[in-house]
Amino acid sequence: MLKSHNAGELRAKDAGKRVTLAGWVNRRREHGGLIFIDLRDRWGITQVVADISHAPEAHRAASKIRAEYVIQVNGTVRERLPQAVNPDMPTGEIEVIADEIKVLNPAKNPPFEITGEVEPTEEVRMRWRYLDLRRERMRRNMMLRHNAILYMRNFLSERGFVEIETPILFKSTPEGARDYLVPSRVHPGKFFALPQSPQQLKQLLMVAGFERYFQIARCFRDEDQRGDRQPEFTQLDMEMSFVEREDVLQLVEELIIGMVETVSEKRIKTKPFPRLSYAETIERFGTDRPDLRFGLELADVSDIASQSDFRVFTSVVQSGGLVRALAAPGLAGYSRSQIAELEGIAKEAGAKGLATIAVEADGSLRSSITKFFSEDQLAALVEKVGAQPGDLILFVADEPAIANEALSELRTELGRRLKLADPNELAFTWIIDFPLFEWNAEEERWDPSHHMFTAPKPEHVALLDTDPAAVQSQQYDLVCNGYEVAGGSIRIHEREVQEKIFELIGLEIEDARERFGHLLEAFEYGAPPHGGIAPGVDRLIMLMAGEPNIREVIAFPKTQRAADLMAGAPSEVDPAQLEELHIAIVREPEAK
RNA sequence: GGGGGCGUGGUGUAGUGGUGAACACACCGGCCUGUCAAGCCGGAGAUCGCGGGUUCGAACCCCGUCGCUCCCGCCA
């Protein structure tokens with residue numbers, strides 16, 4: 001080893017020890033005959049002193065050293081003088097007086113300051129990601145990630161789970177997200193697909209009898225990016241046999257709570273995790289992934305609104321829509337332009353407009369729509385939305401999906417503006433009792449709301465034929481601070497039910513056989529009842545780290561346009577490679 | 001595919017039609033034995049992302065384009 005100790009471990013009790021340290025020059029402070037070097041390695045920072053009167057040769061070396069040089073220091077640990085102790089550093093009571101300093105490798109002046117407080121732009125950070133990763137923020141995030149994944153592995157292993165790797169080169173299934181394809185050299189014209197998740201494979205592992213499987217699984221989806229979405233991302237993929245929903249929920253909840261409390265500084269708001277039915281979360285928050293760090297619940301005022309003389313409201317209710325409302329605390333004084341901003345948010349969600357009533361400090365109401373309501377109706381409205389003097393009541397009237405989404409977006413925005421969410425809190429909640437299907441109006445068929453292997457509730461199986469909309473599934477999502485952080489279900493393990501689902505979602509039996517024949521066939525060889533879940537590792541770590549996007553917790557993430565700025569991927573390839581793969585590039589015709 | 005924001009020395013920003021593009025940090029040189037965001041003195045460094053246009057004159061206005069980013073669509 002080129003070092004005897006690391007740069008974070010030496011303390012006053014080590015005074016007198018001869019040590020060899022190696023690492024990077026974090027900072028250098030030259031005082032003429034005395035030079036201080038903050039030596040950084042993965043474990044911390046230790047101050048090295050080069051004193052011309054102690055070791056002239058080491059001092060000469062230190063004077064030539066620059067930021068980010070890789071150096072090795074031989075010297076002796078000594079306690080600092082009392083007035084020179086730095087209480088802000090874990091190693092601040094000691095320093096290493098250098099006998100010898102060796103440059104293991106010099107460094108060009110870095111393109112941005114590794115140790116500075118100014119945050120470089122993401123473009124710059126991504127171009128030199130290996131330097132970005134030297135920064136404390138990234139080091140901390142990577143360590144958190146390691147600790148979290150280690151916790152998951154140990155937790156599951158202790159409970160009888162076995163980690164099994166599944167193929168990265170697998171089969172394309174056109175359902176779901178766009179696939180990343182890999183051409184086959186030996187099968188001209190044929191392609192592998194990178195897995196969107198190991199869904200089918202983990203179910204097959206249950207058929208194989210492993211009973212408890214997990215994998216830290218890389219998943220690939222060729223869809224456009226968001227702050228919480230990357231083209232390749234990591235799931236803690238899990239599946240269990242002979243379990244019911246409750247078993248999965250209990251186990252995962254125990255895992256998440258243990259992990260958060262062991263590896264992060266965040267507080268879990270509510271334990272055990274609250275459970276909301278899909279219907280209840282829509283009713284109260286307008287979304288299936290609410291941020292429960294704050295209240296600000298929605299009210300349904302359709303009944304009162306339908307009694308009014310306000311045509312906009314009455315006509316919406318008559319045609320099956322909803323009038324939903326939200327009391328924005330303390331915003332009665334909002335100006336026309338501030339309200340227009342909020343209306344813009346509602347409109348982005350598809351709403352046609354935003355109606356408001358301000359509740360003045362004396363309780364009187366100010367609004368352009370009060371004239372359409374009786375005194376009693378107004379009182380009932382205020383009562384129903386729970387508005388206090390000083391609040392601004394926001395109304396959206398539209399078809400249910402739009403009214404809910406618009407109000408949910410407004411709720412989120414108000415949470416942000418009014419700083420209602422505690423950044424140190426994680427508010428987990430289970431969402432359960434999802435509908436099995438969503439109606440796809442365009443294609444005139446039912447789409448699975450989770451995926452096609454999700455089991456209906458046993459007591460709802462009979463409804464598959466008569467009222468598919470009413471069928472609830474055994475799907476469960478784990479939501480935290482407005483993010484979906486896990487999703488899973490008890491699966492179908494009976495061929496008959498699976499084929500009924502295929503039929504309802506408009507998949508021909510022949511197509512199903514072509515795409516999922518291996519799975520259907522497997523179900524005929526003694527498939528145990530089974531279910532599982534897949535927590536999103538990147539999102540969980542992002543939340544535990546308090547970071548605003550998952551790029552901050554991924555060592556080498558892709559940009560918005562799915563590129564790697566450091567390596568320059570994707571890139572063109574040698575024509576010979578293409579030829580071998582039987583691929584010809586078709587150039588887009590020049591525009592104009 | 002669509003909408004918004006941003007792009008100015010190495011880094012982060014200011015400058016929004018008129019002299020020599022300003023500031024901080026970093027960098028280079030000098031001084032300096034108790035600093036820890038060291039300090040003091042001096043210095044170098046920018047064709048203002050790229051292309052075109054408007055104008056007597058463009059970092060600034062217009063059009064296009066590239067890149068980063070946020071959002072919609074998309075994400076079983």
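Chain A is the first sequence line, chain B the second, and so forth, proteins listed ahead of strands; every chain is numbered from 1. Atoms considered below: every heavy atom in the structure, side chains included; atoms not considered: hydrogens, waters and symmetry mates.
- When the C1' atom is used for both B/rG17 and B/rC61, the distance is 8 Å, rounded to whole Å.
- A 3.5 Å limit on both hydrogen-bonding distances identifies B/rC31 as the Watson-Crick or G-U partner of B/rG39.
- Put simply, CZ on A/Arg125 is 14 Å from C1' on B/rG12, counting in whole angstrom units.
- Counting heavy atoms of neighbouring residues, nucleotides and ligands inside a 6.0 Å radius, atom CZ of A/Arg289 does not exceed 12 of them.
- Counting to the nearest Å, the P atom of B/rU13 and the CD atom of A/Glu113 are 13 Å from each other.
- Taking the C1' atom of each, B/rC6 and B/rC60 are spaced 15 Å apart, rounded to whole Å.
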### Summary
Under a 4.0 Å heavy-atom criterion, the protein footprint on nucleotides 66-75 of chain B, written with B, S and -, is -SSSBBBBBB

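- Across the C1' atoms, B/rC66 and B/rC74 are found 24 Å apart, a figure rounded to whole Å.
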### Message
For A/Val103 and A/Ile65: C-alpha separation, side-chain torsions, deciding distance, then whether side-chain contact (heavy atoms from CB on, under 4.5 Å) applies.
### Response
CA-CA 8 Å; A/Val103 175; A/Ile65 278 166; 3.9 Å; yes

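- The environment of CD in A/Glu93 is sparse: at most 12 heavy-atom neighbours from other residues, nucleotides or ligands sit within 6.0 Å.
- With A/Gln203 as the partner, the side-chain hydrogen bond (donor to acceptor under 3.5 Å, both in side chains) test is satisfied by one option alone out of A/Glu239, A/His530, A/His493: A/His530.
- Rounding to whole angstrom units, CD1 of residue A/Ile114 and P of B/rC25 are separated by 19 Å.
- Classified by interplanar angle (parallel below 30°, tilted 30° to 60°, perpendicular above 60°), the ring pair A/Phe434/A/Tyr278 is tilted.
- Comparing B/rU13 with B/rG7, their P atoms sit 8 Å apart, to the nearest whole Å.
- More than 12 heavy-atom neighbours from other residues, nucleotides or ligands sit within 6.0 angstrom of CH2 on A/Trp446.
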### Message
Generate the contact string for nucleotides 29-36 of chain B. Rules: B means base contact, S means sugar-phosphate contact only, - means no protein heavy atom under 4.0 Å.
### Response
S--BBBBB

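- Across the strands present, B/rG51 finds its partner in B/rC63; the criterion is a Watson-Crick or G-U wobble pair with both atom distances under 3.5 angstrom.
- The CD1-C1' distance, from A/Ile65 to B/rC27, rounds to 17 Å in whole Å.
- B/rU16 and B/rC36 have their C1' atoms separated by 42 Å, with the value rounded to a whole Å.
- One atom, CG of A/Asn109, and another, P of B/rG45, lie 17 Å apart when rounded to the nearest Å.
- For the P atoms, the distance from B/rG39 to B/rG5 is 39 Å, rounded to whole Å.
- When Watson-Crick and G-U wobble pairs are counted only if both distances are under 3.5 Å, B/rG18 pairs with B/rC56.
- For the P atom pair drawn from B/rG30 and B/rA24, the interatomic distance equals 23 Å after rounding to whole Å.
- The separation of B/rU8 from B/rA46, taken at their P atoms, amounts to 15 Å, rounded to a whole angstrom.
- No hydrogens or angles considered: a donor-acceptor pair under 3.5 Å links the side chains of A/Arg491 and A/Ser489.
- A donor-acceptor contact closer than 3.5 angstrom links the side chains of A/Ser172 and A/Asp179.
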### Message
Could you go through A/Thr166 and A/Gln215, starting from their C-alpha distance and side-chain angles, then the distance that decides it, and tell me whether this counts as side-chain hydrogen bond (donor to acceptor under 3.5 Å, both in side chains)?
### Response
CA-CA 8 Å; A/Thr166 55; A/Gln215 180 180 194; 3.0 Å; yes

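- With sequence neighbours excluded, the residues that form a side-chain hydrogen bond (donor to acceptor under 3.5 Å, both in side chains) with A/Arg135 are A/Glu119, A/Asp132.
- At a threshold of 4.0 angstrom between heavy atoms, the contacts of A/Ser197 include nucleobase atoms, whether or not backbone atoms are also involved.
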